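Working notes for the structure below.
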Amino acid sequence: MSKLLEVKDLKVSFNTYNGEVQAVRGVSFDLNKGETLAIVGESGSGKSVTSTTLMGLLPKPHGFVKSGQILFEGEDLVKKSAKEMQEIRGNDIAMVFQDPMSSLNPTMKVGNQIMEGLIKHQNMNRADAKKKATELLELVGIPQPDVRMNQFPHQFSGGMRQRVVIAIALACNPKLLIADEPTTALDVTIQAQILELMKKVQEETNSALIFITHDLGVVANVADRVAVMYAGKVVEVGTVDDIFYNPKHPYTWGLLGSMPTLDSTDEELYAIPGSPPDLLNPPKGDAFAPRNKFALEIDTVMEPPMFKVSDTHYAATWLLHEDAPKIEPPESVKRRMQGFSKMEGEQ
Amino acid sequence: MAANNQNKIPKELLVPLVRKEDTSEKISGPSRTFGQDARRTFFKNKLAVVSVFLIIIIILMSIFGPSMNEHGSDDQDLMRAKMPPHVPVLENISWLGFDGTLSGKYRGDNVEAATANAVARYDNNEEFIDIKVVDEGDGSRNSAVVDATYHIYDAKDMSGEYFWLGTDTLGRDQWTRLWEGTRVSLIIAFVAAVIGLVVGVAYGGIAGFYGGRIDNVMMRIIEILSGIPTLVVVLLMMLVLQPGITSIVIALSITGWTGMARIVRGEVLKLKNQEFVLAARTLGQSDGKVIMKHLLPNISGIIIINTMFTIPDAIFFEAFLSFIGMGIVPPDASLGSLINAGFDNLRLYPYLLVYPAVLISLIMIAFNLIGDGLRDAFDPKMHK
Amino acid sequence: MFRYILRRLFYMLITLFIIATVTFFLMKMLPGSPLSAEDKLSEEQKAIVLEKYGLNDPVPIQYLRYLGGLVKGDLGVSFAFDNTPVTKILMDRMGPSLQLGFQALLIGSFLGIILGLIAAVFRNGAIDYTSTIFAVLGSSIPNFVFAGLLQYVFAVQLNWFPVALWGGFEYSILPTIALMIFPMATAARFIRTEMVEVLNSNFILTARAKGISETGVVFRHGLRNGLIPLITVLGPMAVSMITGSMVIEQIFAIPGIGEQFVTSVTLNDYPTIMGTTLLFAFLFVVIILIIDLLYGLIDPRIRVSGGNN
């Protein structure tokens, strides 16, 4: 399989009044054509910053790429000029944002908002762009698309607006679609519809998808592979099976353990105590150590490297070192893992 | 990339961590109340702080300024009319303009004619006029230019007298009148602001708190009242009332409270359905307690900001009315009436306009900056 | 929307009615009559004049006749200017005031919008700070102070422009500048705040994500959303044009309505004062109505919900 995207040791910082905030501290991952990668983490883990960096939309001048490479089809996006990025954005790489209520221009007709990208990137005239935009609205499941074209965003419900946002992103058949928590702001029932839609259009257009979320439950449904981020780093990466049935990082255990399931009625959820570290002064050693029940002494002095679990599965925890004490995931998480495989068997 | 620097790893540390204390729930940074945050933000705003000091100084001057010299505000004496500013010590630094001289450029066909023009202008007191030739001229019309300086204090044998900011057309001390005028302007602004505050908060509070039909009727009244432009109300009122401080205050207060009432009503309406107010009511708190303890503290910010912005508005309106001759009338002074008088003599005695104009500008800027500072201070987004 | 317009028109009429009524009874309370200027009239002549203006009729009749006259645009006669109809005085002086007002409002808000826009796009830069300082000064310092400064520096000292009076275009330059500083500063300040907010909003991110050029983002997506709220401050700006015109016309001795008003005040010519006040009130109420309707027309969110309210 050919690599569509390779992110190598990406570091992104923000200059603030109080100093430099290291939002992304060396992230590496890759993505094949047509593949779906889920990036999972708490708020503040750097997953959204990673995605805005991919788009070249870091807020200037405060945000900047400190080092690293983003190779998209072999070309480094970090080195591209603002003008070159404009050609790529919306054309090769497109993005779906979190909050559909505020992501659409309130004073512009929905149709025009979809057509803009088409006219810019595909050199279409207005008539063709209009036709294509109507098709797109139909594709994302909006009834009466030709009527809806001439309406304003406030005449759409939240779910409908997110469909419009997806239509805008899909307009130029992007090779890579980034979805930043596209369902978080929606009602649960609408969430499922939007997820179904994203899966469907991805299959139809065969674009690769980076799906950013804090909700592991969503991940199992859409993703091929999962990267777990914590404090600006990828702490564990693997296929969905690796992450759900054989998680190695205590933080992944925590994420899995804090996920309510149907049969978790009488047992306590395994919650992660505390809050993420201050990235203004990132802690020495493993950033997760202060919240980690299974932390080792070495975590306070030295950052763990990525240990290889299998060809597809890596995790950054000293627990994987050959001399480390053998520690098993907590019972509740284990039961959860068994629960996943049971569900898998029933399907 | 996995474990590439195996050798350097201190293997003895690969043992479970023994924690001295639970640090996971530590909260970094001190906790501050909203009021403390607001104060901090305000005092960080240097322009606002400087403005506060400036206003305090101006208020003090408007109280004590008039008694700082022996001249009264209504001591008319045409003998000493239109004297330029004359300040002890500073009189020796000529470019400051406090040396008690009048000066100007005069033109004529030749130097003599230009000089004659200047002398005629300055009471024909040739011996007290210094002439400096700027341009000899070539005999054509108004080609010669002379710089004339008239030592008017010496000419009138008053070199021991000091009118710090000069005198007006009736020989009244401008310094005294300036600060008395400032006092009048400030009193009008503060009283109008306080009346607007009290009436507006009460009216808006009642409408918002009781809601329903009361609110409906009260808001209809406001809707009609605020349809009538303030300017028109003020002009009509000024026609009927005797000109003076009270009239201006009444005229400004008649419609001045509607803006405040609307804002307060909106805020109360928003707050009274919030959980913490419902909780207080569920617990049996009286209406008065709910208003005093829960509603007022939460809308105090917006009330203060609004009041702060009505003060410069009132100052402007007073100055405007006095300027068009409908406000303060002589012998009383206000900044507006002083500026009006200054315009009449702009060509020859610009100092009569400069000081009141600068002072009113400073006051307006300072109040606006304080208002801006307060708005930021009460905005949680601005707290850093 | 239609019901909304009707409701607004209804309120406008009530407001105008109240103002007219108050004005009428104030007139009755104030001293002076068309006769006060002509003391030498004999009793018979006075009676004729009183009869002519219907001043012998009972007050309610006079009131109704006054309202009827208003509807037809009759504002009464001046005490001071040979009993000239007030409407005629005002019409004769409308030109300079309108020209000044429009020049100042249009140029001022246009420059203000540009200034605010530049400040927002390059926020926290040198241009931004300069324009913020200008905006604070311009919206704080009273326009008569500016007028004095301009007149003294550019007319008295430098002789670049006429000191006063009304002639060709060059006579209108200094008054226009003095009058336009307030709308300019207000617009600059307002647009900057709005645009900073708009440019940080999510839909701007969506627009950027489409790969649209930065100019397209700022003008097509940003400016329209930033401009709509500016309509709300058009009201205060229009008022500042009216108060400003009185002061500025007085300072520059321009034969406009404002100057007329100030002259009438000094002459105690009540009918002219009242008539001018009524004209101001009418202008103001109509401007506010137009602004509100315009707001509904431009902002699609209000266009729809307006009908339901």
Side-chain angles (χ1 to χ4, degrees), chain A residues 48 51-52 54-62 82-110 112-122 150-155 161 164-165 168-169 171-172 174 177-178 180 185, chain C residues 1 113 117 119-129 191 194-232 294-309:
Chain A
S48 287
S51 67
T52 33
L54 291 182
M55 291 291 286
L57 286 175
L58 276 179
K60 277 163 195 141
H62 317 292
K83 208 109 213 113
E84 289 169 315
M85 279 311 289
Q86 276 175 20
E87 295 304 318
I88 293 170
R89 272 204 298 274
N91 195 17
D92 296 322
I93 309 179
M95 188 156 176
V96 175
F97 294 93
Q98 177 171 356
D99 181 11
M101 301 314 276
S102 63
S103 316
L104 292 171
N105 185 341
T107 57
M108 198 187 245
K109 284 178 183 165
V110 160
N112 287 341
Q113 300 196 41
I114 303 174
M115 284 152 63
E116 254 187 328
L118 291 167
I119 293 168
K120 155 103 189 178
H121 296 297
Q122 316 262 329
N150 291 317
Q151 291 186 335
F152 288 96
H154 68 272
Q155 290 159 293
R161 288 192 205 189
V164 173
V165 174
I168 291 175
C172 301
L177 184 62
I178 302 171
D180 187 356
Chain C
M1 188 69 194
I113 289 168
L117 191 64
V121 171
F122 302 101
R123 62 179 162 284
N124 298 327
I127 300 176
D128 186 18
Y129 288 123
I191 288 288
E194 285 297 320
M195 283 302 287
V196 165
E197 197 155 297
V198 166
L199 290 179
N200 277 327
S201 62
N202 284 338
F203 68 83
I204 289 293
L205 206 59
T206 311
R208 289 208 174 106
K210 280 183 230 173
I212 299 168
S213 68
E214 198 53 33
T215 10
V217 170
V218 170
F219 284 96
R220 209 154 357 128
H221 290 270
L223 191 56
R224 181 172 176 150
N225 285 286
L227 271 182
I228 290 173
L230 185 69
I231 297 170
T232 55
L294 208 65
Y295 200 83
L297 216 64
I298 294 180
D299 194 331
R301 282 162 295 187
I302 296 179
R303 201 186 300 169
V304 169
S305 56
N308 311 333
N309 290 337

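Below, chains carry the letters A, B, ... as their sequence lines are ordered, and counting in each starts from 1. Values in this document were obtained by computation on a predicted structure and should not be read as measured data.
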So, for [X] and [Y], which heavy atoms are closest and what is the spacing to 0.1 Å?
| X | Y | answer |
| --- | --- | --- |
| A:N105 | C:R220 | ND2-O, 4.2 Å |
| C:L205 | A:F97 | CD2-CE2, 3.3 Å |
| C:A209 | A:M55 | CB-CE, 3.6 Å |
| A:H121 | C:K210 | NE2-O, 2.7 Å |
| C:E214 | A:Q86 | N-NE2, 3.6 Å |

- [ ] Can you tell which part of C:S201 gets under 4.5 Å to a heavy atom of chain A, answering side chain, backbone, both or neither?
- [x] neither
Task: Which portion of A:Q98 sits near chain C, non-hydrogen atoms under 4.5 angstrom - done: neither
Task: Interchain contact, A:I168 with chain C, by part (heavy-atom threshold 4.5 Å) - done: side chain
Task: Pair C:N202-A:S103, side-chain donor/acceptor within less than 3.5 Å - done: no
TODO: May I ask you to name which of A:P59, A:G117, A:S102 has the most heavy-atom pairs under 4.5 Å with chain C?
DONE: A:S102
Task: Winner by heavy-atom pair count (cut-off under 4.5 Å) against chain C, out of A:M95, A:M101, A:E116 - done: A:E116
Task: Flag, side chain of A:R89 to backbone of C:R208, donor-acceptor distance under 3.5 Å - done: yes
Task: Value rounded to 0.5 Å, distance of OG1 in A:T107 from CZ in C:F203 - done: 6.5 Å
